[in-house]
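Below are the structure tokens for one structure; questions will follow.
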Amino acid sequence: MGPLWQIINVDRREANTNIWGQLGAWFFYPHDQLISHLSVPCLPEEIDEWLTEGTTIPPPGPISKLPAELIHDIFDELLDLHEVVYLSITCKLFLSIGKSHILRATKSYYAPWIGCRLIALSDDTETLDDLPSGLLTGAERNEIEAAESARTDGPDADEHEKTLSCLSRTSFERVFHTAWRMHRSNVAVQHHYRICNWTVPDEPDRGPAGGDTRMFRTLYGDGRRATYPEGTRVLCNLSKGEYVREDGLTSPKYVNLAHALLSRICWSASTDVGMACEDGFRAQLTRGPWAGDRFCITTLELLPELDSEGSRSWTNVTREVHTLLSHMWNNNERLWNVYRSAPSR
């Protein structure tokens with residue numbers, strides 16, 4: 001069967017559904033959900049069009065008389081995207097004030113893995129000391145050792161179980177699987193259905209205007225993808241200040257920024273990757289130089305500042321990543337032909 005691989009978000013205590021087999025058995029999947037969870041969204045253009053149409057008339061009632069600071073405080077208490085959108089579309093005043101909060105909630109829902117420590121880990125990594133240096137905090141190491149000590153004290157004692165892989169497998173939330181994706185899509189449909197059936201108290205025949213439902217659908221999305229800025233897409237390593245340009249990955253077919261990320265965050269005790277690969281590239285794949293770092297996907301035009309002073313500059317590592325991926329694709333056509341049309345993982 002081979003080792004168990006997990007793409008683990010250490011900060012959010014989440015991991016993709018377990019993947020059995022050597023690296024070559026799953027690497028060439030599209031990994032669309034991994035991309036969307038790291039992609040920095042933007043507000044749809046329609047929001048400014050709505051704000052410039054007609055005049056801004058405050059709604060009746062005391063809430064519209066509150067100062068903007070207090071309305072911001074109300075928005076701050078709303079954590080879920082649908083709640084923020086519901087309040088924002090009640091009137092132009094709230095839509096104008098709520099723009100930054102819509103973007104904040106959109107990032108939280110559609111791109112929650114931005115800035116988190118990520119690693120694609122094989123369960124043959126048998127000790128905490130074999131993990132990338134600095135991946136775990138002292139508290140996280142203590143948690144793993146304490147949790148697994150209880151297991152290793154019994155008749156089924158096994159030191160191999162004192163691992164991040166075991167903690168993730170037994171305690172972390174599973175994401176990206178089919179049921180998880182369907183649930184998010186269904187939630188979007190349910191919220192849209194709910195707003196379509198709103199009624200005004202004492203006026204049961206008066207429902208929401210068509211504009212309300214259109215605005216909600218535009219701002220909330222479909223549960224799978226948000227709105228993203230146009231430009232040259234780049235994968236950014238926020239920890240090391242390095243980036244990969246999507247338009248620089250030109251040679252391999254069907255390659256994307258998820259493959260660029262995975263080619264640098266995989267970590268395994270074994271160099272057997274289950275595909276044709278030269279030794280130098282094999283070492284890069286099984287001891288990823290980015291394993292445990294923090295990431296986002298944005299555009300080249302919107303690269304974030306690496307520090308508050310702006311003294312650090314970004315380094316383009318596209319050529320290095322492209323060389324590795326080209327080698328993998330050129331020598332494993334049978335594998336990527338099988339997985340190029342596979343469901344998103």
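Because the structure is predicted, anything quoted here is derived from the model rather than measured. Note that these values count all heavy atoms, side chains included, but never hydrogens, waters or copies made by symmetry.
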Subject >> Side-chain touch Phe295/Leu238, heavy atoms, less than 4.5 angstrom >> reply: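 Answer no - side chains too far apart.
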
Original post:
Do Thr163 and Leu121 come within less than 4.5 Å of each other through their side chains, counting heavy atoms only?
Top reply: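 No. Closest side-chain heavy atoms not under 4.5 Å.
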
Original post:
Does the side chain of Arg233 come within less than 4.5 Å of Ile35's, by heavy atoms?
Top reply: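 A side-chain contact exists here, since the closest heavy-atom pair is under 4.5 Å.
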
**OP:** Would you kindly say whether Gln33 and Trp180 are connected by a side-chain donor-acceptor distance under 3.5 Å?
**Re:**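 Looking only at side-chain atoms, Trp180 and Gln33 do not form any donor-acceptor pair under 3.5 Å.
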
Original post:
Backbone N or O of Pro289 within a donor-acceptor pair of the Lys240 side chain at under 3.5 Å?
Top reply: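 At least one qualifying donor-acceptor pair exists.
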
Original post:
Is the shortest heavy-atom distance from the side chain of Ser108 to the side chain of Leu79 under 4.5 Å?
Top reply: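 In short, these two side chains do not touch, never coming nearer than 4.5 Å.
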
Original post:
Under a 4.5 Å cut-off applied to non-hydrogen side-chain atoms, are Ile297 and Leu235 in contact?
Top reply: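 Answer yes - side chains close enough.
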
**OP:** Please assess Leu261 against Leu118 for the test side chain to side chain contact (heavy atoms under 4.5 Å, CB included), listing each intermediate value before the final yes or no.
**Re:** CA-CA 10 Å; Leu261 174 64; Leu118 304 183; 4.3 Å; yes

**OP:** Answer yes or no: is there a side-chain heavy-atom contact under 4.5 Å between Leu81 and Leu219?
**Re:**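 Leu81 vs Leu219: side chains apart.
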
Subject >> Glu46 side chain to Met215 backbone, donor-acceptor under 3.5 Å >> reply: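 No.
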
Original post:
Would you say Ser100 and Phe75 make side-chain contact, with heavy atoms under 4.5 Å?
Top reply: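 No, too far: nothing below the 4.5 Å cut-off.
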
Original post:
Do Thr127 and Asp129 get their side chains close enough for a donor-acceptor pair, meaning under 3.5 Å?
Top reply: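 Absent: no donor and acceptor within the cut-off.
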
**OP:** Could you work out the complete set of other residues in the hydrophobic cluster of Val40, with links drawn between I, L, V, M, F, W and Y side chains under 4.5 Å apart?
**Re:**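 Result for Val40 is Ile114.
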
**OP:** Would you please classify the geometry between the His82 ring and the His191 ring as parallel, tilted or perpendicular, with 30° and 60° separating the classes?
**Re:**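 Ring orientation, 0 to 90° scale: parallel.
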
Original post:
Taking the side chain from His259 and the backbone from Asn256, do they hold a donor-acceptor pair closer than 3.5 Å?
Top reply: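 Yes: the side chain of His259 pairs with the backbone of Asn256.
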
**OP:** Return yes if a side-chain donor-acceptor contact under 3.5 Å exists between Asp272 and Ser270, otherwise no.
**Re:**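 No - no donor-acceptor pair under 3.5 Å links their side chains.
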
**OP:** Determine the minimum heavy-atom distance between Arg141 and Leu136, stating which atoms define it.
**Re:**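 Smallest interatomic distance, heavy atoms only, reads CG-CB, 3.8 Å.
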
Subject >> Audit row: Asp32, Arg225, salt bridge (Lys or Arg N to Asp or Glu O under 4.0 Å) steps and yes/no >> reply: CA-CA 10 Å; Asp32 295 336; Arg225 288 176 52 83; over 6 Å; no

Original post:
Given Gln22 and Val273, is the side chain to side chain contact (heavy atoms under 4.5 Å, CB included) satisfied, shown in steps?
Top reply: CA-CA 6 Å; Gln22 294 171 323; Val273 294; over 6 Å; no

**OP:** Please check if the side chain of Glu320 supplies one atom and the backbone of Val317 the other of a donor-acceptor pair under 3.5 Å.
**Re:**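 A pair under 3.5 Å: no.
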
Original post:
Do Gln284 and Ser263 have a side chain donor and acceptor closer than 3.5 Å?
Top reply: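 Not at all, the side chains of Gln284 and Ser263 share no donor-acceptor pair under 3.5 Å.
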
**OP:** Go through the steps for Asn9 and Arg117 under the test side chain to side chain contact (heavy atoms under 4.5 Å, CB included), then give the verdict.
**Re:** CA-CA 6 Å; Asn9 183 326; Arg117 291 168 290 164; 5.9 Å; no

Original post:
Please walk me through it: do Asp11 and Arg294 pass salt bridge (Lys or Arg N to Asp or Glu O under 4.0 Å)?
Top reply: CA-CA 10 Å; Asp11 292 284; Arg294 304 172 186 274; 3.2 Å; yes

Original post:
Do the two ring centres, one from Trp329 and one from Phe28, sit under 6.0 Å apart?
Top reply: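 Distance test on ring centres: under 6.0 Å, yes.
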
Subject >> Given Glu173, Arg174, Glu14, the one that forms side-chain hydrogen bond (donor to acceptor under 3.5 Å, both in side chains) with Ser168 >> reply: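 Looking at Glu173, Arg174, Glu14, the match for Ser168 under the side-chain hydrogen bond (donor to acceptor under 3.5 Å, both in side chains) is Arg174.
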
Subject >> Donor-acceptor pair, side chain of Thr125 and main chain of Ser122, under 3.5 angstrom >> reply: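 Between the backbone of Ser122 and the side chain of Thr125 there is a qualifying donor-acceptor contact (under 3.5 Å).
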
**OP:** State, yes or no, whether a side-chain contact exists between Trp26 and Ile7 at a heavy-atom distance under 4.5 Å.
**Re:**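 Yes, close enough: below the 4.5 Å cut-off.
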
**OP:** Could you tell me whether the side chain of Trp267 and the main chain of Asp130 form a donor-acceptor pair under 3.5 Å?
**Re:**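 Side chain of Trp267 to backbone of Asp130: a pair is present.
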
Subject >> Between His101 and Arg104, a side-chain donor and acceptor under 3.5 Å >> reply: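 The answer is yes; a qualifying pair exists.
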
Subject >> Step-by-step side chain to side chain contact (heavy atoms under 4.5 Å, CB included) determination, Thr106 to Thr227 >> reply: CA-CA 9 Å; Thr106 300; Thr227 301; over 6 Å; no

Original post:
So, Thr90 side chain and Leu87 main chain: donor-acceptor pair closer than 3.5 Å or not?
Top reply: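 At least one qualifying donor-acceptor pair exists.
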
Subject >> Donor-acceptor under 3.5 Å (Asp123 side chain, Leu4 main chain) >> reply: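 Pair found, side chain donor or acceptor close to backbone of Leu4.
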
